[in-house]
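Notes to accompany the following structure.
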Amino acid sequence: MFRPVVLASVVVVLAVASFAVLSDRSLQADPARDVGSLPTQWFKGNLHTHSHWSDGDDYLENIGLWYREQGYQFLVFTDHNVLADSERWVVVEKTKGKQKAYDKLKKNYPDWIDERTKDGKLEVRLRKFTEVSEKLNRPGKYLLIQGEEISDSFHRHPIHLNVSNVKEVIAPRHGSSVFETIQNNVDAAIAQRERTGQVMMIHLNHPNFGYAITAEDLVRVQGEKFFEVYNGHPGVHNTGDDTHASTERIWDIVLSQRLGKYDLPIMYGLATDDGHNYHNIPSRASEPGRGWVMVRGKELTAEALIRALEAGDFYSSSGVSLKSFEAKNGQMEVVIDPVEGETYTIEFIGTLEGTPLEGEPLLNDKGEPLSTTHRYSADLGKILQKNEGTSATYKFTGKELYVRARVTSSADHPNPSEVGDKKQAWVQPVAPE
């Protein structure tokens, strides 16, 4: 028997039951309404986006239109510590996008711009989220979701978390350690969820940005079960370095310890854009279209998307598409939707029972521990099976703490986070009971 974390035909009763094992302090979705007669489909979306409301270089409506035209079905706006819900005028030449963004705005929306000249300078009103969503949303086809990037820090370590479908702005809560800072912000999101009844999810952003967050910081966090295994910003160090673990290595350490030591729920891995720059694509700036999630569901609403994400019924991608994935009857199966001319490697990765779970800190030249993820056994998060082709099946032995799948294409990512990245996909972990 397997926990219902990535089943292709997961039903509402099973999904609700799976949430019962979470901490009482977790962000849980409400029971689903009856959508049994609706067909299941894939919804492509990005959960990390910046605009002129904080440090992005374009207007909400331009960004939302770009994603819609690129075939996305949903997009979450996540500006830093702010919601697009107030009256705000900006001087065009003082925005990050300057004249280029304004010219694009005039082209895309010639009859939908509020502008004025004040003290000899051209100003434009930033549209609120409600206005932009009403303009761009298409029922069942495209959905904009309000979010926020809670941007906190501890001792100059950047600690950022995204809240999707947030109702009210959440101010950074701070803390006396990296772990406590994360937990306090998670608790604030949970409190808003419980108080307002708004279905929302929170996830940890780019753990290797500033090498701020270690696996040891993340592993004990309760009420939060998502982090970014792939972030499209070129400055977030997804692959780490000789001293710092990659985000995938962090993921395997966190999974192994949460399941094998702390009896905490699985942590899911997201792929996001973290877009800030929208005018010179492709370049080495932080641009859209690099990473996304593919959510399997029956309706395009914020509640339904979050429900599917919390059930693990999604995969993350930086370019590889899947036809299907499922875990049932004692095995995990992955089927790729191939691109002509590309070849694929499918790796099933996991940790077996009995693997040593304790790590050792890295030391500096003085013998002092470094503030980095500890070093662990190579058997923790090892490749259990490797296949070439467009489909593969892994048969569980019953000894696995978890198994996840990674698909890597022979093709280079056309506009990668890090130079040399291949197109990939990440299937969410399954934990045998």
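Stacking of R127 on the aromatic ring of W112 is recorded, both the 6.0 Å distance cut-off and the 45° axial limit being met.
E149 and N81 are not linked by any side-chain donor-acceptor pair at a separation below 3.5 angstrom, with hydrogens and angles left out of the test. For the 3.5 Å distance criterion, the side chains of N185 and Q183 fail to qualify, holding no donor opposite an acceptor. Using modelled atom types and a 3.5 Å distance limit, the side chains of S256 and T351 yield a donor-acceptor pair. Judged by distance alone, the side chains of E148 and T78 never bring a donor and an acceptor atom under 3.5 Å apart. A donor-acceptor pair shorter than 3.5 Å cannot be found between the side chains of N62 and Y278. Under 3.5 Å, the side chains of N184 and H174 contain no donor-acceptor pair of N or O atoms. Side-chain contact, S318 with Q424: no donor N or O sits under 3.5 Å from an acceptor N or O. In summary, the side chains of D337 and S321 do not present any donor paired with an acceptor at a separation below 3.5 Å, with no hydrogens or angles considered. Side chain to side chain, D55 and H80 meet the donor-acceptor criterion of an N or O pair below 3.5 Å. Using modelled atom types, one finds a donor on one side chain and an acceptor on the other under 3.5 Å when comparing N205 with H203. For K96 and N277, the side-chain atoms include no donor-acceptor pair closer than 3.5 Å. For H50 and H48, the side-chain atoms include at least one donor-acceptor pair closer than 3.5 Å. In the model, T239 has a side-chain atom that pairs as donor or acceptor with a side-chain atom of E418 under 3.5 Å. A donor and an acceptor atom, one from each side chain of H374 and E360, are nowhere located under 3.5 Å apart.
Side-chain contact between R138 and R68: present, with at least one pair of heavy atoms (C-beta onward) separated by less than 4.5 Å. D241 has its side chain within reach of Y211: a pair of non-hydrogen atoms, C-beta onward, lies under 4.5 Å apart. Counting only heavy atoms from C-beta outward, the side chains of Q41 and F43 approach each other to under 4.5 Å.
With a 6.0 Å radius and a threshold of 12 heavy atoms from other residues, nucleotides or ligands, K399 has its NZ atom at or below the threshold. Counting non-hydrogen atoms of other residues, nucleotides and ligands closer than 6.0 Å to NZ of K395 gives a total of 12 or fewer.
Salt bridge annotation for R406-E347: present, with a cationic side-chain nitrogen under 4.0 angstrom from a carboxylate oxygen. A salt bridge does not link E368 to K366: none of the charged nitrogens lies less than 4.0 Å from a carboxylate oxygen. At a threshold of 4.0 Å, the pair K104-D58 counts as salt-bridged, since one of the basic side-chain nitrogens sits closer than that to a carboxylate oxygen. E248 and R404 are joined by a salt bridge, as a carboxylate oxygen and a charged side-chain nitrogen come within less than 4.0 angstrom of each other. Salt bridge status for R296 with D313: present, with a side-chain N to carboxylate O gap under 4.0 Å. Under 4.0 Å is where a charged nitrogen must lie from a carboxylate oxygen, and between D412 and K423 no such pair does. Here E310 does not pair with R307 in a salt bridge; the nearest charged N to carboxylate O distance is not below 4.0 Å.
Results of the ring-ring contact (aromatic ring centres under 6.0 Å, His included) test with F348 over F396, F325, Y394 single out Y394 as the only residue that passes. Paired with W42 under the rule ring-ring contact (aromatic ring centres under 6.0 Å, His included), one option of F314, F74, Y315 passes, and it is Y315.
Taking every heavy atom of both residues into account, Y72 and G289 meet most closely at OH-CA, 3.5 Å. Between I145 and L305, the shortest heavy-atom contact is CD1-CD1, 4.0 Å. Residues V339 and Y344 approach most closely at N-OH, 2.9 Å, considering heavy atoms. Summarising the geometry of N415 relative to S283, their closest heavy-atom pair is OD1-O, 3.2 Å, with the distance given to 0.1 Å. Smallest separation of non-hydrogen atoms from Q222 and L264: CG-CD2, 3.9 Å. The minimum heavy-atom distance between F227 and T247, with the atom names listed, is CZ-O, 3.6 Å.
Side-chain N or O atoms of K98 include one that pairs as donor or acceptor with a backbone N or O of E93 at under 3.5 Å.
Atom CD1 of I250 is separated from atom CD of E216 by 8.5 Å, given to the nearest 0.5 angstrom.
With ring centers used as reference points, H237 lies 6.0 Å or more from H206.
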